[in-house]
2 protein chains.
Amino acid sequence: MPGGRPRAFDLDTALDRALEVFWRQGYEGTALSDLTAAMRINRPSLYAAFGNKEELFGKVLDRYVDGPAAFAAAALDAPRARDVVERLVYGAIDLTTGAHTPRGCLNVRCAQACGPQAESVRQEVVSRRMASQAALRRRLERAQSDGDLPADCDPADLARFVMTLTDGIAVQAAGGSGRDELRRVAETALRAWPTAK
Amino acid sequence: MPGGRPRAFDLDTALDRALEVFWRQGYEGTALSDLTAAMRINRPSLYAAFGNKEELFGKVLDRYVDGPAAFAAAALDAPRARDVVERLVYGAIDLTTGAHTPRGCLNVRCAQACGPQAESVRQEVVSRRMASQAALRRRLERAQSDGDLPADCDPADLARFVMTLTDGIAVQAAGGSGRDELRRVAETALRAWPTAK
DNA sequence: CTAGTTTTGTACCGGTCGATAAAAAACTAG
DNA sequence: CTAGTTTTTTATCGACCGGTACAAAACTAG
């Protein structure tokens, strides 16, 4: 029945461009004019397609975890706990030091920046981060019950240790540290990973 | 010769209040109205005493390193490299999880958030962070030549490892991790610290 | 063709941003 | 007292913020 004027841009392409801007500039640091310029659409088109700035950001977060950050969920499928952690850490390094993407991590960046206006956005990012950490903890619990991890380890502590490491990697990458430098950091840090005796 | 109307507020008290706001909200997330409200002065007084928002932020950074973050410079005076690193890491935990201060680290927060407007501010924070890391590297080089650190270690890599850890701690603290949890993380991570064989 | 629907482009809204002009107020020197 | 200096107060500036009203444009259905 209805036709209407066809949309002149691709939704996912526009989302990817918005992701790039939020990734580089954070939520508060990104103005609507930055978004419309990068997405090459005008303001009413953005609002019609994505709601408002905060809703657009939520869709960008989804696209981030399904795209550039998809390695994190996939890492949990590795056979051994040590492999899971290595995939997470080295994946974080690759993500945050990519040649064609902004330095650092969208989630880490937006979990930090926060005036009173953006507090709800920050909370959303923080709870997503906590969910990721909990997923890693459950994976490590499973590893422990499989005998893949020593019994005298606390999976919650180890999960937090790994996330602390990847968070630090994201900060360092945003500050200019390069891929090789961070790989040496990871190699050092992973010496702390418990081994079966 | 000159007298003039006496200033009705204390400069350092006002700076401390500005620090508290920038610490919690970041540079971009803090509006002039937030600052004047917290500092309990009006806008022209702020400009007369501190220049503008960016100059005020620079003075706040100085006050941060001389106050809450002073442990970092002091840690370098510890006798052994291991003590230096422990003081840095546990000091970072105490700093970022203080009961009467915002969660997280002012420097880490402001090195992340950055629209185009605040890029110069971010660069300032980033270079200060790099200077801290270089100071730690030099301290570790000294330790190595003193035989306090194995010869097959790279002080630059170890300094970056420690900063990555403290950066991650700051992010975790901002995300809600508590002091005891982060101390267990630190204990785990420091198992990676090289020991003389 | 016309009627109905959706997107586009333009122009604009009130609110807030960082920053300042101007005058009143509070001090010192003489 | 008066003259000179500095800070305070009030009121405001232009620019930009996120968000929208409105009409022209581009499509489908009949």
Side-chain angles (χ1 to χ4, degrees), chain A residues 1-15 17-19 21-22 24-61 110 113-122 124, chain B residues 1-15 17-19 21-22 24-61 110 113-122 124:
Chain A
M1 49 272 291
R5 178 169 176 171
R7 185 178 283 120
F9 62 94
D10 180 65
L11 281 176
D12 287 336
T13 302
L15 259 188
R17 289 172 175 159
L19 165 60
V21 180
F22 277 129
R24 183 169 349 98
Q25 305 187 359
Y27 181 78
E28 287 183 322
T30 300
L32 259 294
S33 55
D34 296 327
L35 290 168
T36 54
M39 300 165 84
R40 295 174 210 163
I41 61 179
N42 40 33
R43 210 164 290 213
S45 297
L46 188 154
Y47 277 82
F50 302 107
N52 58 19
K53 186 185 178 184
E54 187 166 345
E55 288 180 43
L56 169 61
F57 183 73
K59 295 179 168 71
V60 161
L61 284 182
C110 295
C114 46
Q117 314 267 22
E119 180 57 26
S120 65
V121 168
R122 196 188 70 93
E124 170 68 20
Chain B
M1 52 265 296
R5 178 168 175 170
R7 184 178 282 121
F9 62 95
D10 180 66
L11 282 176
D12 287 336
T13 303
L15 260 187
R17 289 172 176 158
L19 166 60
V21 181
F22 277 129
R24 181 167 351 97
Q25 306 188 357
Y27 180 78
E28 286 182 323
T30 301
L32 258 294
S33 54
D34 296 328
L35 290 168
T36 54
M39 301 165 84
R40 293 173 212 164
I41 62 180
N42 38 34
R43 210 164 290 212
S45 296
L46 188 155
Y47 278 83
F50 303 107
N52 58 19
K53 186 186 178 184
E54 188 166 344
E55 289 180 41
L56 169 63
F57 183 73
K59 294 179 168 73
V60 161
L61 284 182
C110 295
C114 46
Q117 313 268 19
E119 181 55 28
S120 65
V121 168
R122 195 187 71 93
E124 170 69 20

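Here is the naming used below: chain letters follow the sequence lines, and residue numbers restart at 1 for every chain. Hydrogens, waters and symmetry mates are skipped; everything else that's a heavy atom, side chains included, is used.
Atom-to-atom distance recorded for F9(B):CZ and L46(B):CG is 7.5 Å, nearest 0.5 angstrom. In this structure, SG on C110(A) lies 11.5 Å from CZ on R122(A), to the nearest 0.5 angstrom. Atom-to-atom distance recorded for F50(A):CZ and I41(A):CD1 is 5.5 Å, nearest 0.5 angstrom.
Atom CZ in F50(B) sits roughly 10 Å away from atom P in dT8(D) (whole-Å rounding). The distance from atom CG of L46(B) to atom C1' of dT9(D) is 15 Å, rounded to the nearest whole Å. Rounded to a whole Å, the CG atom of L35(B) is 8 Å from the P atom of dG18(C). To the nearest angstrom, P of dT6(D) lies 14 Å from CZ of R5(B). With rounding to whole Å, D10(B) atom CG is found 14 Å from dT7(D) atom P. Atoms CD (Q25(B)) and P (dC17(C)) sit 11 Å apart, rounded to a whole Å.
Within the 4.0 Å cut-off from OP1 or OP2 of dT8(D), at least one side-chain nitrogen or oxygen of S45(B) is found. Between N42(A) and the phosphate of dT8(C), there is no side-chain N or O to OP1/OP2 separation shorter than 4.0 Å.
In this view, R17(A) satisfies the side chain to side chain donor-acceptor pair (under 3.5 Å) rule with no residue, not counting sequence neighbours. Residues satisfying the salt bridge (Lys or Arg N to Asp or Glu O under 4.0 Å) criterion with D10(B), sequence neighbours excluded, are absent altogether.
Here the closest non-hydrogen pair linking G29(A) and P116(B) is O-CD, 3.7 Å.
Counting only Watson-Crick or G-U wobble pairs whose defining distances are both under 3.5 Å, the stems of 3 or more consecutive pairs in DNA chain D are C:1-30 with D:1-30.
DNA chain D is contacted by both P6(A) and P6(B); P6(B) maps to the nucleotide lying nearer its 5′ end (nearest heavy atom per residue).
At the heavy-atom level, A49(B) lies nowhere under 4.0 Å from the strands shown.
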Filtered N/O pairs between nucleotides 14-20 of chain D and protein, under 3.5 Å:
residue, atom, partner, partner atom, Å
dG18(D), OP1, T30(A), O, 3.3
dG18(D), OP1, K53(A), NZ, 3.0
dG18(D), OP2, L32(A), N, 2.6
dG18(D), N7, R43(A), NH1, 3.0
dG19(D), OP2, Y47(A), OH, 2.7
dG19(D), OP2, K53(A), N, 3.3
dG19(D), O5', Y47(A), OH, 3.1
dG19(D), N7, R43(A), NH1, 3.4
dG19(D), O6, R43(A), NH1, 3.4

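Within a 6.0 Å radius of CD in Q117(B), no more than 12 heavy atoms belonging to other residues, nucleotides or ligands are found.
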Only distances under 3.5 Å count here; give the side-chain donor-acceptor pairs of residues 53-61 of chain B to other protein atoms, sequence neighbours excluded, each with its distance to 0.1 Å.
residue, atom, partner, partner atom, Å
K53(B), NZ, Y27(B), O, 3.1
K53(B), NZ, T30(B), O, 2.8
E54(B), OE2, S120(B), OG, 3.0

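For the salt bridge (charged side-chain N to carboxylate O under 4.0 Å, His left out) condition, no pair includes a residue of residues 26-52 of chain A, sequence neighbours left out.
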